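Letters A, B, ... are given to chains in the order of the sequence lines, protein chains preceding strands, and every chain is numbered from 1. Here the structure is a predicted model, which is why all the values come from computation and not from measurement.
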Amino acid sequence: MDGVPTPLRCFSERHPAEMFADDGVDSVTSVEQRAVLRCLFVHFLLHSTLLREQHYQYLKKGLRHLSDAYECLDASRPWLCFWILHSLELLEEPIPTAVASDVCQFLARCQSPTGGFAGGPGQHAHLAPTYAAVNALCIIGTEEAYNVINREKLLDFLWSVKQPDGSFVMHVGGEVDVRSAYCAASVASLTNILTPKLFEDTTNWILSCQNWEGGLSGVPGLEAHGGYTFCGTAALVILGKEHMLDLKALLRWVVSRQMRFEGGFQGRCNKLVDGCYSFWQAGLLPLLHRALFKEGESELSRQRWMFEQQALQEYILLCCQNPAGGLLDKPGKSRDFYHTCYCLSGLSIAQHFGNMDLHHEMILGKEENRLVRLQCMHLH
Amino acid sequence: MSGVEETLNESVDIKEDKEFDVEAEDHIGDDYFVDPTRYLFYRDRKEWADLEPVPQDDGPNPVVKIAYSEKFSDVYDYFRALLKNDERSDRAFALTAEAIELNAANYTVWHYRRVLLQALSKDLREEMRYITAIIEEQPKNYQVWHHRRMVVEWLNDPSEELEFIADILSQDAKNYHAWQHRQWVIQEYKLWDNELKFVENLLEDDVRNNSAWNQRHFVISHTTGFSDPAIVEREIQYCLSQIRKAPHNESAWNYLKGMLQDRGLSSPPGLLERVLELKETHCSPYLLAFLFDCYEDALENSNQKENVGEEERKDILRKALEICDLLANEKDTIRKEYWLFLGRSLENKSGSRGPSDKPPEPSDPASGQQEMS
């Protein structure tokens with residue numbers, strides 16, 4: 001950033017004024033919000049260095065061994081592979097060949113004989129671990145990795161979870177929500193098995209998830225939510241139908257999710273900040289930038305995304321790092337690989353603006369804080 | 001997947017950095033007689049001796065290898081054995097409960113339990129009691145709610161649902177799964193009658209509860225709808241009254257806009273005036289944004305109306321741009337980039353050239369492959 005360190009936003013004179021205005025009316029929402037802010041104030045006194053080495057050690061270890069605290073993720077082990085590999089990729093840490101091969105062989109054991117991937121060997125196929133496994137294999141990117149995927153059976157699996165109304169259940173006999181459309185579209189596109197017939201009516205179903213708030217909900221009727229909004233929007237981008245959303249309403253909703261004091265994003269209106277939304281929410285801005293551009297919008301910035309990039313970097317670096325490695329939701333919470341992945345992903349987005357032709361960096365703190373630039377849609 | 005928000009991550013509460021490990025069994029050698037309430041691994045149970053446990057096939061060089069407790073491995077070794085044989089028995093049914101307790105997110109186990117519920121014609125009322133208890137313990141898990149929905153469907157009896165969900169919401173008024181289940185029950189079984197009252201009570205408790213505002217929209221759009229001007233007026237009054245009490249409550253402002261946006265914000269007569277009045281005493285970034293939206297809507301509609309003169313249009317545009325500036329530079333600086341964009345965009349659409357903070361750049365969509373990767 002030209003050598004002169006940018007003063008931290010959280011030290012500016014105006015910053016305290018951004019603390020929550022509760023109008024003298026207490027409610028559960030405002031009480032919880034105030035508690036977070038009190039906690040954060042202390043953290044804004046720290047320095048903004050990405051603890052690369054610590055995160056690397058945490059990730060390297062986790063890729064091999066996890067404590068019994070992870071029993072609750074025993075049906076999500078491909079996710080653990082994805083979160084860790086993607087984090088390593090962002091940190092530009094190479095994956096040793098032997099490890100990469102071991103991951104391939106493990107994911108092969110997670111593949112169901114009827115197609116798709118399961119949360120662990122011997123479990124039933126499910127769209128979420130399918131997404132995680134396919135994306136993890138794409139990060140590895142070797143021939144061995146690509147050969148793991150049985151594409152024909154994967155297509156069978158996708159058909160088996162497709163519903164008449166255009167939606168997908170997450171697994172046979174399972175629940176419907178917009179995540180499934182994204183998981184299905186992502187893997188179909190990556191493995192080149194995507195056909196219009198497979199996603200017939202899916203576009204309309206996803207569109208019906210955009211609500212009065214401008215964001216998208218998990219299923220039609222519910223509250224707009226960052227995770228679901230990302231899934232729905234990204235799915236439509238893959239299907240080439242993102243222009244059918246009310247992009248202006250969506251844009252207003254997502255920019256409103258950035259917290260004026262914390263700098264990070266909340267998942268829903270009037271809820272608390274959480275590091276993982278650094279990706280699910282902020283990640284929408286590059287998608288919307290491109291979508292608006294394709295719709296002929298001429299006034300888009302050529303330097304910045306439409307969110308406060310510096311503020312988000314500050315939140316992640318100052319509030320979301322565990323000194324022993326790993327990243328987290330907010331101060332006081334435990335580290336985990338999910339938050340490590342999405343905090344780092346959000347950090348990358350906040351650092352890099354651009355497309356194929358343009359690239360504008362905005363690195364908070366040292367140059368060494370720089371992460372690899374994400375490719376929007378497929379995260380890698 | 002761990003879920004989305006509470007669902008993407010909070011359903012998984014990883015406490016990795018435990019302060020101390022609790023020893024499971026302290027009484028080695030103490031008891032001469034075997035305590036019948038003491039936990040026995042399945043591998044040591046006589047009634048299971050006929051079944052060969054199936055260890056997990058992680059391969060020779062495992063990755064993301066979890067250090068399962070002995071109890072966990074034992075239960076799941078036997079679960080895998082049952083699954084392999086497709087055993088449909090009461091002992092299998094009982095074991096699914098243990099497997100669930102160890103990892104309630106294992107959807108394969110839940111699926112199997114449902115197969116057994118049907119194959120063994122189990123008492124679904126009892127299953128309702130079971131799932132009620134599990135949800136109370138783990139309300140942020142996808143599988144438990146899906147399971148409850150299946151049982152309710154099989155019983156075709158939603159009679160306990162609204163009260164149950166109300167109880168869960170009393171512990172966490174924004175639980176996304178709970179609201180999802182509630183909307184499903186209401187829609188499926190047409191239980192609309194008391195829902196608006198329920199919503200109003202929740203908003204009394206916490207006027208900032210966005211889930212409750214959403215439910216308000218849900219109920220009204222599926223019952224009376226928002227076309228009736230009397231309904232719209234009632235809702236506007238409700239919003240403004242909540243805004244007067246807590247002006248910085250974004251939910252109320254979003255609801256006001258969300259309700260009106262399809263018909264146009266400038267359509268309810270006198271609304272703009274009422275908001276301008278509020279601006280004097282109850283201003284907020286949300287009020288200002290709402291004003292901007294009103295002005296933008298007026299400009300858009302003035303294209304069709306002939307009685308809006310050029311002077312008036314210019315005046316509305318000026319006011320709108322003023323608000324953008326105010327928000328970008330003073331009142332809502334976290335969204336500065338956005339407000340600047342909106343200002344430029346509005347100016348551009350309205351055809352006037354005003355000062356902007358960036359040098360005018362030729363926007364040339366034809367220059368090379370402008371792809372956002």
### Message
Could you tell me if A:E223 and B:N210 have a donor-acceptor pair between their side chains, going purely by distance under 3.5 Å?
### Response
yes
### Side-chain H-bond candidate by donor/acceptor type, B:N209 with A:T29, under 3.5 Å
no
### Task
Begin from the C-alpha positions of A:D68 and B:S69 and carry the test side-chain hydrogen bond (donor to acceptor under 3.5 Å, both in side chains) through to its verdict.
CA-CA 7 Å; A:D68 62 0; B:S69 71; 5.9 Å; no
### Query
Considering only heavy atoms from C-beta outward, does the side chain of A:H65 approach that of B:P62 to under 4.5 Å?
no
### Task
With a 4.5 angstrom heavy-atom cut-off, could you sort out which part of B:D58 is near chain A: side chain, backbone, both or neither?
both
### Task
Using a cut-off of under 4.5 Å on heavy-atom pairs, state which of A:K61, A:M306, A:E213, A:R77 scores highest against chain B.
A:R77
### Contact class of B:K84 relative to chain A, heavy atoms under 4.5 angstrom
neither
### Query
Which bit of B:N249 comes within less than 4.5 Å of chain A, counting heavy atoms only: side chain, backbone, both or neither?
both
### Query
Taking the six-membered ring for Trp, are the ring centroids of B:Y176 and A:Y228 within less than 6.0 Å of each other?
yes
### Message
Would A:R179 pass as a cation-pi partner of B:Y142, given that its NZ or CZ must be under 6.0 Å from the six-membered ring centre and within 45 degrees of the axis?
### Response
yes
### Task
Would you please say whether a donor-acceptor pair under 3.5 Å links the side chains of A:S256 and B:R335?
no
### Task
Could you look at B:Q180 and say if it's the side chain, the backbone, both or neither that has a heavy atom under 4.5 Å from chain A?
both
#### Entry: Contacting region of B:W145 [heavy-atom separation from chain A under 4.5 Å]
neither
### Query
Can you tell if the side chain of A:D74 reaches within under 4.5 Å of the side chain of B:I66, non-hydrogen atoms only?
yes
### Task
Answer whether the closest heavy-atom distance between the side chains of A:L251 and B:Y338 falls below 4.5 Å.
yes
### Task
Could you look at B:Q261 and say if it's the side chain, the backbone, both or neither that has a heavy atom under 4.5 Å from chain A?
side chain
### Query
Is the closest side-chain heavy-atom distance between A:V219 and B:Q183 below 4.5 Å?
no
### Query
Under a 4.5 Å heavy-atom cutoff, which of A:R252, A:Q309, A:K248 has the most pairs with chain B?
A:R252
### Task
Please work out whether the ring planes of B:Y107 and A:H171 are parallel, tilted or perpendicular, with thresholds of 30° and 60°.
tilted
### Message
In the structure I gave you, are the side-chain heavy atoms of B:N103 and A:E71 within less than 4.5 Å of one another anywhere?
### Response
no
### Message
What part of B:R114 gets within 4.5 angstrom of chain A, counting heavy atoms only: side chain, backbone, both, or neither?
### Response
side chain
### Query
How are the rings of A:W212 and B:H217 set relative to one another: parallel (under 30°), tilted (30 to 60°) or perpendicular (over 60°)?
parallel
### Task
Considering only heavy atoms and a distance below 4.5 Å, find which of A:G24, A:C81, A:G174, A:G62 pairs most often with chain B.
A:G174
## Note on the structure
Applying a strict 4.5 Å limit to non-hydrogen atoms, the region of B:Y286 in contact with chain A is side chain
### Message
Given heavy-atom pairs under 4.5 angstrom as the criterion, report whether the side chain, backbone, both or neither of B:A289 touches chain A.
### Response
both
### Message
Ignoring hydrogens, what is the shortest heavy-atom contact between B:D206 and A:S27? Give both atom names and the distance.
### Response
OD1-OG, 2.6 Å
### Non-hydrogen side-chain atoms of A:D22 and B:H248 separated by less than 4.5 Å
no
### Message
For A:A311 versus B:I334, what's the shortest heavy-atom pair and its separation?
### Response
CB-CD1, 3.8 Å
### Task
Taking the side chain as every heavy atom from C-beta outward, state whether A:K271 and B:K174 have any pair of such atoms under 4.5 Å apart.
yes
### Query
If you count heavy-atom pairs under 4.5 Å with chain B, which of A:L80, A:L63, A:V172, A:D26 comes out on top?
A:L63
### Task
With a 4.5 Å cut-off on heavy-atom pairs, point out which of B:V109, B:N214, B:L83, B:L102 contacts chain A the most.
B:N214
### Cationic N near anionic O, under 4.0 Å, B:D332 to A:R260
yes
### Query
In terms of heavy-atom pairs under 4.5 Å with chain B, which of A:H124, A:Q258, A:Q105 leads?
A:H124
### Query
Around B:Q118, counting heavy atoms of other residues, nucleotides and ligands shown, do more than 12 lie under 6.0 Å from its CD?
yes
